[in-house]
Participant: 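Have a look at this one.
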Amino acid sequence: MDRMLISDLLSAGSQAARTAGELEKITGLNNRELRLAIEAERREGTPLLSDTRNGECLPDTDDARRRFVASMRNRAKEILLTAQAVEKGGAAFGKSSNV
């Protein structure tokens, strides 16, 4: 049986984006399963874009793809900074800083 691709359910451009709720109804997946399916496609190189206002879509321009990549890189940096701060803070409370 072929794997269902979320990208097959999307169109190009944020004006055509589908929300997670819409995709959950269409696919029958719960939110976690949907996120994992989207992440799997992204890791295979499919450019599934998302934003908090519009939802999921395919890129309609190279600029849209670049903005999404920049956003993901910024999120990764913020997560790393938070992890480092918590790691350092654990030592102040007598806890191991190894995570």
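In this text the structure is predicted, and so the values were computed from the model without any measurement. Side chains included, hydrogens not; waters and symmetry mates left out as well; all remaining heavy atoms used.
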Participant: Taking all atoms of both residues into account, what is the closest heavy-atom pair of Arg18 and Leu9, and its distance?
Facilitator: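 Answer, listing the atom of Arg18 first, then Leu9: NE-O, 2.8 Å.
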Participant: Examine the side chains of Glu24 and Asn31 and answer whether a donor and an acceptor come within less than 3.5 Å of each other.
Facilitator: yes
Participant: To the nearest 0.5 Å, what is the distance between CG (Asp60) and OG (Ser14)?
Facilitator: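 The OG atom of Ser14 is 6.5 Å from CG of Asp60, to the nearest 0.5 Å.
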Participant: Which heavy atom of Ala12 sits nearest to which heavy atom of Ala16, and what is that distance?
Facilitator: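 Taking every non-hydrogen atom into account, O-CB, 3.8 Å.
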Participant: Only pairs at least two apart or in different chains count here, so list each side-chain hydrogen bond (donor to acceptor under 3.5 Å, both in side chains) that has a residue in residues 43-55.
Facilitator: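 As it turns out, the side-chain hydrogen bond (donor to acceptor under 3.5 Å, both in side chains) pairs with a partner in residues 43-55, which skip direct neighbours, are Arg3-Glu44, Glu39-Arg43, Arg42-Ser50, Asp51-Asn54.
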Participant: Report whether Leu36 and Ile6 are members of the same hydrophobic cluster (ILVMFWY, side-chain heavy atoms less than 4.5 Å apart, transitive linking).
Facilitator: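 Shared cluster, no.
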Participant: Is it possible for you to say whether Leu5 and Leu48 belong to one hydrophobic cluster, with membership spreading through side-chain heavy-atom contacts below 4.5 Å?
Facilitator: no
Participant: Could you report the tightest heavy-atom contact between Pro59 and Pro47, atom names first, then the distance?
Facilitator: CD-O, 3.0 Å
Participant: CG/Leu23 to NZ/Lys25 distance, rounded to the nearest 0.5 angstrom?
Facilitator: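 Spacing of CG (Leu23) from NZ (Lys25) equals 11.0 Å.
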Participant: For Glu22 versus Thr19, what's the shortest heavy-atom pair and its separation?
Facilitator: OE1-N, 2.8 Å
Participant: What's the separation between atom SG in Cys57 and atom CG in Leu10, rounded to the nearest 0.5 Å?
Facilitator: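 Taking SG in Cys57 and CG in Leu10, the distance rounds to 7.5 Å.
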Participant: Minimum heavy-atom separation for Ser7 and Glu41, please, with both atom names.
Facilitator: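 Here Ser7 and Glu41 meet closest at OG-OE1, 2.6 Å.
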Participant: Tell me whether Met72 shares a hydrophobic cluster with Ile38, the cluster being built from Ile, Leu, Val, Met, Phe, Trp, Tyr side chains joined at under 4.5 Å.
Facilitator: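 No; tracing contacts between hydrophobic side chains, which count when under 4.5 Å, never links both residues.
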Participant: May I have all residue pairs that pass side-chain hydrogen bond (donor to acceptor under 3.5 Å, both in side chains) and include part of residues 62-78, sequence neighbours excluded?
Facilitator: Asp63-Arg67
Participant: Using the rule given for side chain to side chain contact (heavy atoms under 4.5 Å, CB included), can you reason through Thr27 versus Met4, listing the C-alpha separation, both sets of side-chain angles and the distance that settles it, and then say yes or no?
Facilitator: CA-CA 8 Å; Thr27 62; Met4 174 182 47; 3.6 Å; yes
Participant: Same hydrophobic cluster for Leu58 and Phe68, using side-chain heavy-atom links shorter than 4.5 Å among ILVMFWY?
Facilitator: no
